[in-house]
Amino acid sequence: QVQLVESGGGLVQPGGTLRLSCAASGNVFTIKTMGWYRQAPGKQRELVAHITSDNETQYGDSVKGRFTISRDSAKNAGYLQMNRLDPEETAVYCCNAVGRNSELGMTGEWGEGTQVTVSS
């Protein structure tokens with residue numbers, strides 16, 4: 001069973017930094033494209049950043065210049081570097097990946113999410 005696992009969330013002070021990771025368990029699923037999303041209480045899910053298999057990136061307007069999405073194909077993982085965090089960015093952050101399942105072909109997967117809380 002393919003599972004994406006996020007890590008790196010937690011409590012940080014305003015202006016602080018976190019680096020989130022998203023990795024596929026096992027070796028059946030190879031990540032091609034990854035996106036990071038967040039959802040705060042009472043808000044709709046929001047695209048934070050996206051990276052393609054060719055390393056083309058895009059960002060939500062509110063995070064441009066502060067967040068950086070990256071990937072490491074050798075580790076079959078993706079990352080989200082978040083700088084100068086604001087309390088309004090408190091949310092559950094989830095990764096989504098499209099990749100190749102060695103048994104099923106191209107599939108999409110979601111992680112369960114990691115809580116990011118920005119507060120003093």
Side-chain angles (χ1 to χ4, degrees):
Q1 182 69 40
V2 173
Q3 182 177 8
L4 296 181
V5 180
E6 300 100 334
S7 62
L11 175 65
V12 297
Q13 293 184 330
T17 296
L18 284 176
R19 185 174 186 257
L20 306 182
S21 300
C22 177
S25 63
N27 58 6
V28 65
F29 182 72
T30 301
I31 296 171
K32 302 297 183 182
T33 300
M34 177 171 288
W36 286 93
Y37 300 80
R38 66 188 179 191
Q39 187 166 23
K43 302 292 185 179
Q44 292 185 306
R45 188 183 68 181
E46 174 188 17
L47 173 66
V48 178
H50 184 267
I51 186 168
T52 71
S53 59
D54 294 325
N55 290 320
E56 299 288 338
T57 60
Q58 64 182 63
Y59 297 91
D61 289 340
S62 66
V63 307
K64 289 179 180 177
R66 296 186 298 113
F67 288 15
T68 303
I69 188 170
S70 61
R71 65 184 303 130
D72 188 335
S73 296
K75 296 181 179 180
N76 200 25
Y79 309 94
L80 182 68
Q81 178 72 37
M82 305 185 293
N83 298 329
R84 301 190 300 279
L85 283 159
D86 187 274
E88 293 185 354
E89 295 175 301
T90 294
V92 175
Y93 286 68
C94 296
C95 66
N96 168 259
V98 174
R100 179 166 293 279
N101 185 301
S102 62
E103 299 175 348
L104 302 178
M106 296 298 294
T107 62
E109 304 288 342
W110 282 93
E112 293 185 352
T114 184
Q115 177 71 45
V116 172
T117 302
V118 186
S119 176
S120 60

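Among residue pairs with one or both ends in residues 29-49, those qualifying as ring-ring contact (aromatic ring centres under 6.0 Å, His included) are Y37-W110; sequence neighbours excluded. Among residues at least two apart or in separate chains, there is no salt bridge (charged side-chain N to carboxylate O under 4.0 Å, His left out) pair with a member in residues 18-35. Sorted pairs that involve residues 44-81 and meet disulfide bond (SG atoms under 2.5 Å apart), not counting sequence neighbours, are lacking altogether. For residues 14-64, the disulfide bond (SG atoms under 2.5 Å apart) pairs, not counting sequence neighbours, are C22-C95. Sorted by first and then second residue, the disulfide bond (SG atoms under 2.5 Å apart) pairs with a member in residues 38-78 form an empty list; sequence neighbours excluded. Residue pairs meeting the disulfide bond (SG atoms under 2.5 Å apart) criterion with at least one member in residues 39-73: none, sequence neighbours excluded.
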- Item | S62/E46 under side-chain contact (heavy atoms from CB on, under 4.5 Å): CA gap, chis, key distance, verdict | CA-CA 10 Å; S62 66; E46 174 188 17; 3.6 Å; yes
- Task: Please test H50 against T33 for side-chain contact (heavy atoms from CB on, under 4.5 Å), starting from the C-alpha separation and ending with a verdict.
- Result: CA-CA 8 Å; H50 184 267; T33 300; 2.9 Å; yes
- Please test T30 against N76 for side-chain contact (heavy atoms from CB on, under 4.5 Å), starting from the C-alpha separation and ending with a verdict. CA-CA 6 Å; T30 301; N76 200 25; 4.3 Å; yes
- List the steps and the verdict of side-chain contact (heavy atoms from CB on, under 4.5 Å) for E109 and N96. CA-CA 6 Å; E109 304 288 342; N96 168 259; 5.9 Å; no
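Contacts of E112 classified as side-chain hydrogen bond (donor to acceptor under 3.5 Å, both in side chains), with partners at least two apart in sequence or in another chain: none. Residues satisfying the side chain to side chain contact (heavy atoms under 4.5 Å, CB included) criterion with Q13, sequence neighbours excluded, are absent altogether. Considering only residues two or more places apart in sequence or on other chains, R45 meets the side-chain hydrogen bond (donor to acceptor under 3.5 Å, both in side chains) condition with none of them. Residues meeting the side chain to side chain contact (heavy atoms under 4.5 Å, CB included) test with A91, sequence neighbours left out: R38, A40, Y93. Remark: K64 pairs with Y59, D61 by the side chain to side chain contact (heavy atoms under 4.5 Å, CB included) rule, at least two apart or across chains.
Atom OG1 of residue T107 and atom CG of residue N101 lie 5.0 Å apart, to the nearest 0.5 angstrom. If you take CG on L4 and SG on C94, they are separated by 10.5 Å, rounding to the nearest 0.5 Å.
Looking at heavy atoms from C-beta onward, T114 lies out of side-chain contact with S7 at the 4.5 angstrom threshold. In this structure, the side chains of M82 and T17 stay at 4.5 Å or more apart for every pair of heavy atoms. Looking at heavy atoms from C-beta onward, T90 lies in side-chain contact with Q115 at the 4.5 angstrom threshold. Using a 4.5 Å heavy-atom cutoff, the side chains of S120 and P14 are in contact.
Contact detail for L80 and A49: the closest heavy-atom pair is CD1-CB, 4.0 Å. For the residue pair Q39 and K43, the shortest heavy atom distance occurs at NE2-O, 3.2 Å.
Within the hydrophobic cluster formed by Ile, Leu, Val, Met, Phe, Trp and Tyr side chains joined at under 4.5 Å, directly or through other members, M106 is accompanied by V98.
Under a hydrophobic-cluster definition in which Ile, Leu, Val, Met, Phe, Trp and Tyr are linked whenever side-chain heavy atoms come within less than 4.5 Å, directly or via other members, L85 and Y79 are assigned to different clusters. When hydrophobic clusters are built by joining Ile, Leu, Val, Met, Phe, Trp and Tyr residues whose side-chain heavy atoms come closer than 4.5 Å, directly or via intermediates, V92 is not grouped with M34.
For the pair T68 (side chain) and Q81 (backbone), a donor-acceptor distance under 3.5 Å is absent. In this structure a side-chain-to-backbone donor-acceptor pair under 3.5 Å is present from R71 to T52. Between the side chain of S25 and the backbone N or O of Q3 there is at least one donor-acceptor pair closer than 3.5 Å. When atom types are taken as modelled, the side chain of D86 and the backbone of E88 share a donor-acceptor pair closer than 3.5 angstrom.
Checked for salt-bridge contact, R84 and E89 miss the test: no charged N lies under 4.0 Å from a carboxylate O.
Residue F67 forms a side chain to side chain contact (heavy atoms under 4.5 Å, CB included) with just one option from N83, V48, L20, and that option is V48.
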